[in-house]
Amino acid sequence: MASPTKTHIPLPDSGDKVLDNEACLPSVPIHIVTKASQLPEEFLNPSPEKEVVIGFDCEGADLCRQGTLCIMQLAFPNAIYLVDAIQGEESLVQACKPALESSYITKVIHDCKRDSEALYFQFGIKLHNVVDTQIAYSLIKEQEGKKRLQDDHISFVRLLADPQYGGISYVEKEEVRVFLRQDPKFWAHRPLSELMVRAAADDVRFLLFIYHKMVEKLNERSLWFLAVRGALYCRCFCINNNNFADWPTLPTVPETLIAGNQAPEEETLSVLDVPPGKMGFVIGRRGANILAIKEGCSAEIIFGSDKGPPDTIFIIGPVRQVRKAEAMIRGKLQQHYH
């Protein structure tokens, strides 16, 4: 294999150097991994004696349950590993399963839902112990007293552009999006081009820096929400027949919050099936019905969209708010039938 490409990974002690001149940061290698033996020992064999935080992302051809997982990116402080699921095949991905399911390895990711779905349905992997930077951003805004608008989920490009988390313009992302629109199998081609290697590394190399910036802003209550919502996001599209009984249990409320009378309400995920062809009545003309439902309860309502499942609604939030959203959705359907 040719000598690995290099890049820069900004870390917490990088200060504002990342904003001004990346070149002053130390360069780290990018390893293209086709065999498990090329991965770090602390990743392959998770241990409570060596807890690890990594940046994590997946790329694929139509990344979801039916698509093809092509690359998993792992950002360590001293290197980036591009796990080639095409050339390394299932045995390589399965070698990563203990780490991806481990409580001892924190996976920092931006919007984990489809990545988790692909891992679950294609490889039987239950992604666990994630810190989702999209969720963290919303929680920080809530702490600051800012009300988040419905469906205002920050993109990774917007997050990276925020001066608090890097202040970096990620124009290369649009370049890759153009290629993906022209060729949906862009990430499945081999050998990996320079553009593919650079783009895959760019999607994870800032995550550790962002993670540390975010964690220092979050209070204990928000950190609990971050953990439990990350777990629910991982389950979101991974529908099974046993109500997630084989998944890790959700994080419990810290004793300190209970003792201080600050215990938040338990959060849950509800999976609601809509009769085929009736989703339009739930959404309503120009989205009027679903907008009214979202404004009437403080739960997150997620649709399977084009990637599916098409006749399913996922609701995440405090139990009472989730039940309220369920009742409102069923009410819209009953109005239609009557």
Side-chain angles (χ1 to χ4, degrees), residues 54-75 82-86 90 93 96-97 99-101 106-138 151-160 170 173-174 176-177 179-181 183-188 196 199-204 206-207 210 226 228-240 244 247-248 269-272 279 300-316:
I54 63 169
F56 181 72
D57 192 25
C58 297
E59 308 294 351
D62 191 25
L63 190 67
C64 62
R65 67 189 63 201
Q66 297 101 343
T68 303
L69 177 72
C70 299
I71 300 172
M72 290 189 296
Q73 302 104 290
L74 316 174
L82 304 184
V83 179
D84 190 341
I86 300 291
E90 176 149 1
V93 180
C96 300
K97 179 173 179 169
L100 299 180
E101 295 187 342
T106 301
K107 281 70 67 175
V108 183
I109 184 171
H110 191 84
D111 191 5
C112 63
K113 295 189 293 295
R114 291 296 181 191
D115 304 65
S116 180
E117 179 188 27
L119 288 166
Y120 181 68
F121 284 103
Q122 294 176 41
F123 300 99
I125 293 171
K126 305 178 204 50
L127 187 60
H128 175 57
N129 192 24
V130 304
V131 168
D132 193 312
T133 52
Q134 193 175 68
I135 300 169
Y137 185 86
S138 294
D151 301 325
D152 182 28
H153 300 293
I154 193 163
S155 68
F156 186 59
V157 173
R158 273 177 56 212
L159 177 64
L160 202 52
Y170 191 4
K173 188 76 172 174
E174 186 52 42
V176 173
R177 285 193 181 125
F179 280 107
L180 279 168
R181 283 192 289 270
D183 179 10
K185 296 192 183 299
F186 172 77
W187 288 110
M196 293 165 82
D202 280 349
D203 274 354
V204 291
F206 300 104
L207 285 171
I210 292 169
L226 179 61
V228 76
R229 287 181 191 169
L232 292 172
Y233 264 53
C234 281
R235 300 176 187 207
C236 186
F237 295 132
C238 301
I239 302 171
N240 62 19
F244 304 104
W247 283 66
L269 162 67
S270 173
V271 181
L272 202 61
M279 190 66 82
E300 186 163 4
I301 300 171
I302 302 162
F303 296 94
S305 74
D306 295 341
K307 291 185 176 181
D311 300 311
T312 308
I313 299 173
F314 306 89
I315 311 169
I316 292 175

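Predicted model only: the values in this text are computed from it and were never measured.
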Visitor: Taking the six-membered ring of F237 as reference, does the cationic atom of R114 (NZ for Lys, CZ for Arg) lie under 6.0 Å from its centre and within 45° of its axis?
Guide: yes
Visitor: Would you check if S116 and C238 make a side-chain contact, meaning some heavy-atom pair closer than 4.5 Å?
Guide: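 The answer is yes; the side chains approach within 4.5 Å.
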Visitor: Taking side chain as C-beta onward, heavy atoms only, is E117 less than 4.5 Å from L63?
Guide: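 They are not in side-chain contact.
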Visitor: Would a distance-only check, ignoring hydrogens and angles, find a side-chain to backbone donor-acceptor pair under 3.5 Å from Q122 to G67?
Guide: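 Side chain of Q122 to backbone of G67: a pair is present.
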Visitor: Taking the side chain as every heavy atom from C-beta outward, state whether F56 and L74 have any atom pair closer than 4.5 Å.
Guide: yes
Visitor: Identify the two heavy atoms, one from R65 and one from P309, that lie closest to each other, and give their separation to 0.1 Å.
Guide: NH2-CD, 3.4 Å
Visitor: What verdict does the side-chain contact (heavy atoms from CB on, under 4.5 Å) test give for Y120 and I125, after you've listed the backbone C-alpha separation in whole Å, the side-chain angles of each residue and the deciding distance to 0.1 Å?
Guide: CA-CA 5 Å; Y120 181 68; I125 293 171; over 6 Å; no
Visitor: With heavy-atom distances below 4.5 Å as the criterion, would you say the side chains of M72 and L119 are in contact?
Guide: yes
Visitor: Just verifying a value: how many Å separate I316 CD1 and R235 CZ, rounded to the nearest 0.5 Å?
Guide: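 Going from CD1 on I316 over to CZ on R235, the span is 10.0 Å.
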Visitor: Determine whether Y170 and L159 make a side-chain contact, defined as any pair of heavy atoms from C-beta on separated by less than 4.5 Å.
Guide: no
Visitor: Can you tell me how far SG of C236 sits from CZ of R229, rounded to the nearest 0.5 angstrom?
Guide: 13.5 Å
Visitor: Determine whether a donor-acceptor pair (N or O, by modelled atom type, separation under 3.5 Å) exists between the side chain of K107 and the backbone of A99.
Guide: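 At least one qualifying donor-acceptor pair exists.
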Visitor: Taking it one step at a time, do F244 and L269 satisfy side-chain contact (heavy atoms from CB on, under 4.5 Å)?
Guide: CA-CA 10 Å; F244 304 104; L269 162 67; 3.8 Å; yes
Visitor: Are any of the side-chain nitrogens in E90 or K97 under 4.0 Å away from the carboxylate oxygens of its partner?
Guide: no
Visitor: Regarding Y233 and D115, do their side chains bring together a donor and an acceptor under 3.5 Å, going by distance alone?
Guide: no
Visitor: State, yes or no, whether a side-chain contact exists between L160 and I210 at a heavy-atom distance under 4.5 Å.
Guide: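 They are in side-chain contact.
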Visitor: Restricting to side-chain contact (heavy atoms from CB on, under 4.5 Å), what partner residues turn up for T68, sequence neighbours left out?
Guide: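 Checked T68 against side-chain contact (heavy atoms from CB on, under 4.5 Å); matches are A61, C70, I86.
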Visitor: Are F123 and C96 packed together at the side-chain level, in the sense that at least one heavy-atom pair is separated by less than 4.5 angstrom?
Guide: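 No - every pair of side-chain heavy atoms lies 4.5 Å or more apart.
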Visitor: Evaluate the side-chain proximity of R177 to V157: yes if any heavy-atom separation is below 4.5 Å, no if none is.
Guide: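 Contact flag for V157/R177 side chains = yes.
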Visitor: side-chain contact (heavy atoms from CB on, under 4.5 Å), that's the test. Do D203 and K173 meet it? Break it down for me.
Guide: CA-CA 9 Å; D203 274 354; K173 188 76 172 174; 2.9 Å; yes
Visitor: How many angstroms lie between atom CD1 of I302 and atom NE2 of H153, to the nearest 0.5 angstrom?
Guide: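 It is 6.5 Å, given to the nearest 0.5 Å.
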Visitor: Tell me, with the steps shown, if F314 and K113 meet side-chain contact (heavy atoms from CB on, under 4.5 Å).
Guide: CA-CA 11 Å; F314 306 89; K113 295 189 293 295; over 6 Å; no
Visitor: Working to the nearest 0.5 angstrom, can you tell me the gap between W187 CH2 and D84 CG?
Guide: 11.0 Å
Visitor: Which atom pairs, donor and acceptor, lie under 3.5 Å between side-chain atoms of residues 128-136 and protein residues at least two apart or in another chain?
Guide:
residue	atom	partner	partner atom	Å
H128	NE2	S103	OG	3.2
N129	ND2	S103	O	2.9
N129	ND2	I105	O	3.2
N129	ND2	T106	OG1	3.4
D132	OD1	D111	N	3.0
D132	OD1	Q134	N	2.9
D132	OD2	D111	N	3.3
D132	OD2	C112	N	2.9
T133	OG1	I109	O	3.4
T133	OG1	H110	ND1	2.8
Q134	NE2	I154	O	3.1

